[in-house]
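All chains are named by letter (A, B, ...) in the order of the sequence lines, taking the proteins before the strands, and each is independently numbered beginning at 1.
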Protein chains: 2
Amino acid sequence: MADIIATLQKERDGLSRSEQRIADIVFEDKQFAVNASIIELAARADVSPPTVTRFCRRLGCHSFSEFKVRVAQSAFIGTRYLEPEVKVTSSQEVIDTVMGRAQSTLNVLHENVDAEVVEKIAEQVLKAKMIYAFGSGGNSSLFAHEVQNRLFRLGLRVTASEDHSMQLMTASTLGEDDMVIGLSISGRNREMARALEIASGYGAATATISKSESLVAQASEMNLAVDLPEGTDVLRPSSARYAFMAAIDMIAFLVAIKRKDSAIEPLRRIKRQLVTFRDEDDTQVLGD
Amino acid sequence: MADIIATLQKERDGLSRSEQRIADIVFEDKQFAVNASIIELAARADVSPPTVTRFCRRLGCHSFSEFKVRVAQSAFIGTRYLEPEVKVTSSQEVIDTVMGRAQSTLNVLHENVDAEVVEKIAEQVLKAKMIYAFGSGGNSSLFAHEVQNRLFRLGLRVTASEDHSMQLMTASTLGEDDMVIGLSISGRNREMARALEIASGYGAATATISKSESLVAQASEMNLAVDLPEGTDVLRPSSARYAFMAAIDMIAFLVAIKRKDSAIEPLRRIKRQLVTFRDEDDTQVLGD
DNA sequence: TTCATCTATGTAAATTATTTTCTTATCGAT
DNA sequence: ATCGATAAGAAAATAATTTACATAGATGAA
C-alpha cells in the first residue's frame with residue numbers, strides 16, 4: 001500500500017502539462033481533491049474528465065475513486081512536508097508537520113524496502129561471531145549505537161564506533177568471522193567506504209544502510225537502501241532518521257525471530273537485572 | 001470533523017438491523033468498504049443500495065462517497081499491529097509489522113500529544129543558557145544524545161549524559177539559567193527522578209519526555225507525555241522509540257522556528273564545514 | 001382486535017458520475 | 001512537409017448513486 005502522495009511527487013515532472021495541473025491541485029488542496037467529483041476536479045484543473053481518469057491510471061490506480069481513497073488514506077495531515085518550503089508557525093502545525101513527515105517517510109521506506117536484502121543481512125548477522133557498527137556525525141553515529149543497543153540484547157557480540165580512525169584501524173584487524181554494518185544517511189562518508197573496503201579485503205562480511213548507489217553503498221556487499229528526498233530547508237530536521245530507525249528495527253526483529261531460543265535468555269536476564277534493581281514491578285519491559 | 005470509525009462504534013447500537021449489518025462489514029473489512037461500490041457493499045450486507053445511502057446520511061455524511069473518504073481518512077491503518085501477539089515469520093511480515101507498529105505508535109502520539117506542553121518546553125529551551133539532556137539505558141540514553149544532536153545544530157549549548165552519577169553530580173551544580181531534559185521510556189528511573197528534583201531545587205528548569213504520571217514525570221515541571229501500550233513479547237523491539245524520536249523532533253523543530261535567525265548561521269557553518277571537507281556537492285544536507 | 005401510524009426497507013426511475021471510444025490537435029524528428 | 005507519437009477533448013456508453021415512491025411489518029391506542 002504505497003503512499004500516493006509520495007508517488008505523485010516523485011512522478012510529477014514526468015506528467016503531461018494537463019496532468020501536472022491536476023497534480024498541483026491535488027497537492028495544494030487535498031480536502032477538495034478528495035471530496036470533488038471527477039467533473040469538478042477536471043473543471044478546476046481546466047481539463048476534461050477523461051484526462052483525470054488517465055491521470056489516475058498513470059499513478060497506478062484503477063479508477064478515479066480508487067485514487068480518491070488512496071489520497072484520503074495517505075495520512076494527509078502532514079503531507080505538506082513534501083513541499084520544500086512550508087510556513088509553519090504554531091506549535092500545532094509543528095506537531096502536524098513532524099508527524100506527517102515521519103509517517104510519509106516510513107511509507108516511502110515501506111514501499112521501497114527490499115525484503116531479500118533484509119533477509120540476507122539478518123542471516124549474516126546470525127553467522128557473524130562479532131559485529132561492528134560504524135556511523136559518524138550526529139545522526140548516523142546515533143544509529144550505530146542503536147544497532148549495538150538492539151543486537152546486544154539478543155546475546156550477540158557487537159560494538160559501535162563513531163570514530164573514523166578507530167573504524168579504519170578496527171577494519172584492518174577483522175577476518176572471516178566478523179561483520180561490519182555501516183550506517184550513513186548521505187552515503188558520502190568516504191572514510192567509512194574505505195573502512196568497509198578494508199574489512200571486506202580481509203574477508204569480513206559488510207552490510208550498509210544507506211542511499212542506494214552511494215559511495216558507502218557501493219563499498220559493501222549488501223546495502224539496505226534508504227532513499228528519501230531531503231528538502232533544502234536547513235531548519236528541517238532530517239526525517240530520514242525514522243527510516244533508519246525502522247531499517248534497523250527490521251533487521252533486529254528478524255534476527256530476534258530467527259534465533260528466538262537463544263535470544264530469549266539474554267533478554268530475560270537483562271530484564272531481571274533491571275527489575276530487581278529498580279523495583280519489583282515485573283511488567284516493565286526492558287524499558288529505558 | 002470526528003473520526004468516522006469512532007462515530008460508527010458509538011452509534012452502532014442505535015442503528016436499524018440492516019444498518020448494523022453494514023456497520024459490521026465496514027468494521028471488519030475496511031479495506032473492502034473503502035474500495036467497494038455502493039452496490040457491492042449493499043450486496044455483501046444483503047441490503048439495497050438506498051439503505052447504504054441512508055446509513056451514510058445517518059452517520060453525518062452527505063453521500064456514500066463522502067463516507068468512503070471519511071473511512072479512508074480515519075487512521076485505521078495499523079491498529080492491529082498494536083495488539084500484543086502477532087505471529088510473524090517471513091521477512092516481509094517482519095517488515096510489515098515493524099512498519100505497522102511504527103505508524104500506529106506515531107498515530108497514538110499524534111492524537112495525544114499536548115501542543116501546549118511542547119510549546120512550553122520549547123520556550124524554556126530558548127531561555128536556558130545551558131541544557132543538560134539526561135537518559136540512561138540503551139534506549140533513553142540514545143535519545144539524550146539525540147537531544148544534544150538536534151539542539152547543538154541550532155547554536156544552543158547542550159550536553160548529554162547517560163551516567164547516573166554524573167547526572168546527580170551535575171544536577172547539584174545547576175542554577176536558574178540551566179535546564180534539564182530528562183528522557184525515560186518507562187518513567188521508572190529513580191536516579192533520574194532524583195537528579196531532576198535536585199536540579200529543580202537549585203532553580204534549574206526541568207522538562208521530561210516520559211510516561212505521564214510516572215516517577216520521572218512527577219519529578220519535573222513539564223512532562224511531554226508519551227504513553228504507549230508495550231506488549232509483553234520480549235522479542236518485540238519497543239516501538240516507543242519512534243514516539244520519542246518524534247517528541248524530540250517536535251521540540252527541536254519548534255525551537256528552530258522560534259529562533260530562526262540565530263539558528264541559520266550555525267547550521268550554515270556546519271553545512272559548509274561538511275561540504276568542504278567531504279566533497280563539493282552543495283546539495284548535501286547536514287547528512288550524517 | 002383492529003385500525004392508524006410510523007419506521008424500515010425495497011423497487012424502479014431519474015440523475016449523476018465515470019469510463020470508453022473515437023477523433024482531432026500538437027509537437028518533434030526525419 | 002510528412003510521418004508518427006503523444007496529448008487531450010467530445011460524445012457515447014456504461015456504471016454508480018440518489019430520489020421518489022411503494023409496501024411490509026411493527027407499534028400502540030381505541
Side-chain angles (χ1 to χ4, degrees), chain A residues 4-5 7-74, chain B residues 1 4-5 7-27 29-74:
Chain A
I4 189 90
I5 296 293
T7 312
L8 191 53
Q9 217 212 5
K10 211 166 50 195
E11 309 272 291
R12 200 212 103 115
D13 292 341
L15 299 173
S16 74
R17 208 164 320 133
S18 304
E19 288 173 338
Q20 285 186 8
R21 274 207 305 282
I22 302 171
D24 292 344
I25 286 167
V26 172
F27 255 128
E28 122 211 335
D29 195 350
K30 292 175 197 80
Q31 202 61 45
F32 168 80
V34 134
N35 290 301
S37 74
I38 197 170
I39 295 168
E40 291 165 328
L41 179 55
R44 181 143 156 197
D46 204 17
V47 300
S48 65
T51 300
V52 176
T53 297
R54 285 188 282 254
F55 164 83
C56 298
R57 298 262 160 84
R58 190 180 296 240
L59 265 66
C61 297
H62 182 263
S63 66
F64 175 64
S65 87
E66 187 185 321
F67 171 77
K68 287 209 293 188
V69 163
R70 298 267 308 266
V71 171
Q73 279 178 338
S74 77
Chain B
M1 191 168 53
I4 191 89
I5 294 294
T7 311
L8 193 52
Q9 207 147 23
K10 213 167 47 202
E11 308 273 291
R12 198 211 104 116
D13 292 342
L15 299 174
S16 76
R17 211 169 311 137
S18 304
E19 288 173 338
Q20 285 185 9
R21 273 207 306 282
I22 302 171
D24 292 344
I25 286 167
V26 172
F27 256 131
D29 194 350
K30 298 182 192 73
Q31 204 59 46
F32 168 80
V34 134
N35 291 302
S37 74
I38 197 169
I39 294 168
E40 290 165 328
L41 179 55
R44 181 144 158 195
D46 204 18
V47 300
S48 65
T51 300
V52 176
T53 297
R54 285 187 283 255
F55 165 83
C56 298
R57 299 262 160 85
R58 192 181 293 239
L59 264 63
C61 297
H62 182 263
S63 67
F64 175 64
S65 87
E66 187 185 322
F67 171 77
K68 287 210 293 189
V69 163
R70 298 267 309 265
V71 171
Q73 283 177 340
S74 82

| Rounded to whole angstrom units, what separation is found between the CG atom of N35(A) and the C1' atom of dA17(C)? |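 Going from CG in N35(A) over to C1' in dA17(C) covers 15 Å.
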| request: Could you grab the distance from atom CD of Q20(B) to atom CG of D13(B), nearest 0.5 Å is fine? | output: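 The CG atom of D13(B) is 6.0 Å from CD of Q20(B), to the nearest 0.5 Å.
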| query | Distance-only, no hydrogens or angles: does the R57(A) side chain make a donor-acceptor pair with backbone N or O of H62(A) under 3.5 Å? | reply |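 Pair found, side chain donor or acceptor close to backbone of H62(A).
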| query | For E66(A) and dA17(C), what is the distance between atoms CD and C1' respectively, to the nearest whole Å? | reply |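 So the two atoms are 17 Å apart, to the nearest Å.
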| query | F64(B) and F55(B): aromatic ring centres closer than 6.0 Å? | reply |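 Distance test on ring centres: not under 6.0 Å, no.
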| query | Rounding to a whole Å, what distance do you find between K68(A):NZ and dA17(C):C1'? | reply |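 It works out to 9 Å between those atoms.
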| said: Under a 3.5 Å distance rule, please check whether E11(B) uses its side chain to pair with a backbone N or O of L8(B) as donor and acceptor. | reply: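 It does not hold such a pair.
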| query | Between I38(A) (CD1) and dT17(D) (P), how many Å, whole number? | reply |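 Taking CD1 of I38(A) and P of dT17(D), I get 13 Å after rounding.
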| request: To the nearest Å, give me how far apart NE2 (H62(B)) and P (dT18(D)) are. | output: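 Taking atom P of dT18(D) as the reference, NE2 of H62(B) is at 9 Å.
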| query | Taking DNA chain D as the partner, which of residues 52-61 of chain A come within under 4.0 angstrom of it by heavy atom? | reply |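 Listed by number, they are R54(A), R58(A).
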| Which nucleotide, dA8(C), dA8(D), dT18(D), lies nearest any side-chain atom of S16(A)? |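 Of all the options, the side chain of S16(A) is nearest to dA8(D).
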| E19(A) with R58(A): basic N within carboxylate O range, under 4.0 Å |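 Answer for the salt bridge query: yes.
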| request: Would you tell me if any nitrogen or oxygen in the side chain of S48(B) comes within less than 4.0 Å of OP1 or OP2 on dT9(C)? | output: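 No.
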| said: Counting only side-chain heavy atoms from C-beta out, which of dT19(C), dT19(D), dA16(D) sits nearest to I39(B)? | reply: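 Closest nucleotide among those given: dA16(D).
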| Think S18(A) has a side-chain N or O under 4.0 angstrom from the OP1 or OP2 of dA8(D)? |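 For dA8(D), OP1 or OP2 has a side-chain N or O of S18(A) closer than 4.0 Å.
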| query | Rounded to the nearest 0.5 Å, what separation is found between the CG atom of N35(B) and the OG atom of S63(A)? | reply |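 So the gap between those two atoms works out to 8.0 Å.
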| Of the nucleotides dA17(C), dG9(D), dA12(C), which one has an atom closest to the side chain of S37(A)? |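 My answer, after comparing the listed nucleotides, is dA17(C).
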| request: Taking all heavy atoms of R21(B) and all of D46(B), pick out the closest pair and write down the distance. | output: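 Reported closest heavy-atom pair: NH2-O, 3.3 Å.
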| query | What are the two closest non-hydrogen atoms of C61(A) and E66(A), and how far apart are they? | reply |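 Nearest heavy atoms, C61(A) then E66(A): CA-OE2, 3.7 Å.
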| field | Whole-Å distance separating the CD atom of E19(A) from the P atom of dT6(D) | value |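 Rounded to the whole Å, the gap is 13 Å.
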| query | To the nearest Å, how far apart are L41(B) CG and dT18(D) P? | reply |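 L41(B) atom CG is separated from dT18(D) atom P by 12 Å.
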| field | Nearest-neighbour nucleotide for the T51(A) side chain, dA8(D), dT18(D), dT9(C) considered | value |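 Comparing dA8(D), dT18(D), dT9(C) against the side chain of T51(A), the answer is dA8(D).
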| said: Below the 4.0 Å mark, does dA17(C) have OP1 or OP2 next to a side-chain nitrogen or oxygen of S65(B)? | reply: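 Negative; the distance criterion is not met.
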| field | Short side-chain to backbone donor-acceptor contact, K68(B) and S37(B), under 3.5 Å | value |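 Answer holds: no.
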Between the protein and nucleotides 25-28 of chain C, are there any N/O to N/O pairs under 3.5 Å, and if so, what are the atom names and distances?
none

